[in-house]
Protein chains: 2
Amino acid sequence: MPNTISPPTNLQRLAEWLKVLAEPNRLLIFNLMMEGVQCNCELGDGLQMAPNLISHHLRVLREAGLIDVERDALDARWMYYSINLQALEELNQAWSSFFDPQRIKPRRLTCGPHGEFIRLDLEEAR
Amino acid sequence: MPNTISPPTNLQRLAEWLKVLAEPNRLLIFNLMMEGVQCNCELGDGLQMAPNLISHHLRVLREAGLIDVERDALDARWMYYSINLQALEELNQAWSSFFDPQRIKPRRLTCGPHGEFIRLDLEEAR
DNA sequence: TATATAATTCAATGATGATTGAATTACTTT
DNA sequence: AAAGTAATTCAATCATCATTGAATTATATA
């Protein structure tokens, strides 16, 4: 009997979010945004990155739904980015339900030299 | 005055962990290990992946310190992988201190059309 | 000792995606 | 209308890394 695998339904989504956030420069950008930094120019100041590159990363973050963007009401040349709080909540929810240490189950015994009847003194191998 | 940026000291480390976990197949493997699946063969069963590819991903997870490995005491051909609980704790710690919604600060006002004196009715843009 | 098994290593390939420089867009100011 | 500014888009390049198939290692069994 093959393993009956039922990954959390949000596993795919979690993987996509992690991919977006795993890029070092994007994580730095996200970090600055957590601290209230919000426009391309200012991010460029802080990170020494070309504005078009920042635009690229902001777009990836935005397409992942992690951040929002809007134009300045008085001078519409300026864009303000901000962290999407709801997405952040969902992200944290998905993360903690996946990486919860309590989820860890003891060893499955469907393989190895002893099949289902593995000797107990091997159980410490967990 | 440029931004004085002080990302959490564990930001680099967090980025590395995220990179490792952001790979969809690795996340699936990690998921199976949370459920107690532990050897190459069994992972292959569940994931339809070539054993050498699984070995590759297990190595990446292991080199990141996320999982441990040991040989079966009775038949040393079999390897048993398991999640490193301490690493998991550190991972969760790094994650939650970084992605804590409470960390989010209001907009910084060092750029934009109004400098430090931006009008308050724009503040809802947060 | 020879063969089989679990897993890994190696070398090559391919795809993805970050980065770069040069336009281009959107908007404001003169 | 012309020039300037913030930001984005575009096309091309480059690096990284997952994937694949073919050895190779380590161990056990016949």
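All values reported here derive from a predicted model rather than from experimental measurement. Just so it is clear, the values below take in all heavy atoms, side chains as well, and ignore hydrogens, waters and symmetry mates.
C:dT8 atom P lies 12 Å from atom CH2 of B:W78, rounded to whole Å. Between B:L43 atom CG and C:dA7 atom P there is a gap of 9 Å when expressed in whole angstrom units. At whole-Å resolution of the value, CE in B:M79 and C1' in D:dA28 are 15 Å apart. We find that CD1 of A:I54 is positioned 11 Å from P of C:dT19, with the value rounded to whole Å. Nucleotide C:dG17 holds its C1' atom 16 Å from the CG atom of A:L21, rounded to whole Å. Atom OH in A:Y80 sits about 14 Å away from atom C1' in C:dC27, given to the nearest Å. Atom CG of A:L61 is separated from atom P of C:dA18 by 10 Å (rounded to the nearest Å). The distance from atom CZ of A:R62 to atom C1' of D:dT9 is 12 Å, rounded to the nearest whole Å.
By the side chain to side chain donor-acceptor pair (under 3.5 Å) test, B:W17 is found to be paired with no residue, residues two or more places apart in sequence or in another chain being considered. For A:E63, the side chain to side chain donor-acceptor pair (under 3.5 Å) partners at least two apart in sequence or on another chain are A:R59. Residues passing the side chain to side chain donor-acceptor pair (under 3.5 Å) test with B:Q86, sequence neighbours excluded: B:E90. B:A87 is linked by a side-chain contact (heavy atoms from CB on, under 4.5 Å) to B:L66, B:N84, counting only residues two or more places apart in sequence or in another chain. In this view, B:D100 satisfies the side chain to side chain donor-acceptor pair (under 3.5 Å) rule with no residue, not counting sequence neighbours. The salt bridge (charged side-chain N to carboxylate O under 4.0 Å, His left out) test applied to A:R77 returns A:D75, not counting sequence neighbours.
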Between the protein and nucleotides 15-19 of chain D, which nitrogen or oxygen pairs are less than 3.5 angstrom apart?
| residue | atom | partner | partner atom | Å |
| --- | --- | --- | --- | --- |
| D:dC17 | OP1 | B:K19 | NZ | 3.4 |
| D:dA18 | OP1 | B:R26 | NH1 | 3.3 |
| D:dA18 | OP1 | B:R26 | NH2 | 2.9 |
| D:dA18 | OP2 | B:H56 | NE2 | 2.9 |
| D:dT19 | OP1 | B:N25 | ND2 | 2.7 |
| D:dT19 | OP2 | B:N25 | ND2 | 3.2 |
| D:dT19 | OP2 | B:H57 | NE2 | 2.6 |

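Under the 6.0 Å distance and 45° angle rule, B:R103 counts as a cation-pi partner of B:F98.
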Please set out all donor-acceptor pairs under 3.5 angstrom arising from side-chain atoms of residues 19-30 of chain A, sequence neighbours excluded.
| residue | atom | partner | partner atom | Å |
| --- | --- | --- | --- | --- |
| A:E23 | OE1 | A:N25 | N | 2.9 |
| A:E23 | OE1 | A:R26 | N | 3.1 |
| A:R26 | NE | A:V20 | O | 2.6 |
| A:R26 | NH1 | A:H57 | ND1 | 3.2 |
| A:R26 | NH2 | A:V20 | O | 3.4 |

Exercise. Reading nucleotides 21-27 of chain D from the 5' end, what letters show protein touch, with B for base, S for backbone sugar-phosphate only, - for no heavy atom under 4.0 Å?
Worked result: BB----B
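Residue A:Y81 has a polar side-chain atom (N or O) positioned under 4.0 Å from OP1 or OP2 of D:dT8.
The side-chain heavy atoms of B:L43 and B:L58, taken from C-beta on, include a pair separated by under 4.5 Å.
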